[in-house]
Amino acid sequence: MFTRNRQCGVSLMGFMLVCIALVFVLIFGFKLIPAYLEQYTINKIFNQIANNPEFSNATAADVRAAFGRQVSIDQVRAISSEDLEVTREAGALVIRSQYQVVIPVIGNVSLLVDFKASSR
């Protein structure tokens, strides 16, 4: 007797929908990666300054000046030295900042990402 095998696989329409969804995920990913890399760089700068023994008795103005020099080297554009909150907790220097990054995606659609950076 002749038996029918069931077809297995994806139809052309299903394949196209999966490809479209994958393209949107990649677009968002490629747009978000630079913002997160910049966030990593900001945290690295905060930790370098906070752990530097030269800044153990530094004023907030000294910390802001050092941060300003470092961000000009690393080309950080998300925050400036005026956005820093410089405090001392248990004798240790703590640098904090909260900022938002607006990432244009397509046309008038944008992503808004909130970041909180800290040397702790």
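This is a predicted model, so every value here is computed, not measured.
Of the N and O atoms on the side chains of Asp74 and Gln70, at least one donor lies less than 3.5 Å from an acceptor on the other residue.
Residues Val113 and Tyr36 are in side-chain contact: their nearest non-hydrogen atoms beyond the backbone lie under 4.5 Å apart. Under the 4.5 Å side-chain criterion, counting only non-hydrogen atoms from C-beta, Val76 is in contact with Ile42. Under the 4.5 Å side-chain criterion, counting only non-hydrogen atoms from C-beta, Leu12 is in contact with Met16. Considering only heavy atoms from C-beta on, Val18 stays 4.5 Å or farther from Phe15 through its side chain.
The backbone N or O of Ser80 sits less than 3.5 Å from a side-chain atom of Asp83, completing a donor-acceptor pair.
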Apply the test side chain to side chain donor-acceptor pair (under 3.5 Å) to residues Gln48 and Asn52: give CA-CA distance (whole Å), side-chain angles for both, the deciding distance (0.1 Å), then the verdict.
-> CA-CA 6 Å; Gln48 285 175 349; Asn52 190 340; over 6 Å; no

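The CD atom of Gln75 sits 10.0 Å away from atom CD of Glu38, with the distance rounded to the nearest 0.5 Å. The distance from the CD1 atom of Ile103 to the CG atom of Leu32 is 4.5 Å, given to the nearest 0.5 Å. Atoms CD1 and OH, on Ile45 and Tyr40 in that order, are 11.0 Å from each other to the nearest 0.5 Å. Residue Leu93 holds its CG atom at 9.5 Å from CZ of Arg120, rounded to the nearest 0.5 Å.
Scanning for side-chain contact (heavy atoms from CB on, under 4.5 Å) contacts around Ser119 gives Phe46, Asn47, Ala50, Val94, Ile95, with sequence neighbours left out. Not counting sequence neighbours, the partners of Leu26 by the side-chain contact (heavy atoms from CB on, under 4.5 Å) test are Leu22, Phe30.
The stretch residues 80-111 participates, sequence neighbours left out, in these ring pair (Phe, Tyr, Trp, His ring centres under 6.0 Å) pairs: Tyr99-Phe115. A ring pair (Phe, Tyr, Trp, His ring centres under 6.0 Å) check over residues 72-93, counting only residues at least two apart or in different chains, returns nothing. Sorted by first and then second residue, the pairs that involve residues 86-97 and meet side-chain hydrogen bond (donor to acceptor under 3.5 Å, both in side chains), not counting sequence neighbours, are Glu89-Arg96.
Here the shortest heavy-atom pairing between Pro104 and Val102 reads CD-O, 3.6 Å.
A continuous path of hydrophobic side-chain contacts links Ile20 to Phe28 [ILVMFWY only; heavy atoms under 4.5 Å].
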Considering only distance and modelled atom types, tabulate donor-acceptor pairs under 3.5 Å from the side chains of residues 57-65, sequence neighbours left out.
from, atom 1, to, atom 2, distance (Å)
Thr59, OG1, Asp62, N, 3.3
Thr59, OG1, Asp62, OD2, 3.2
Asp62, OD2, Thr59, N, 3.4
Arg64, NE, Ser81, O, 3.2
Arg64, NH2, Leu84, O, 2.7

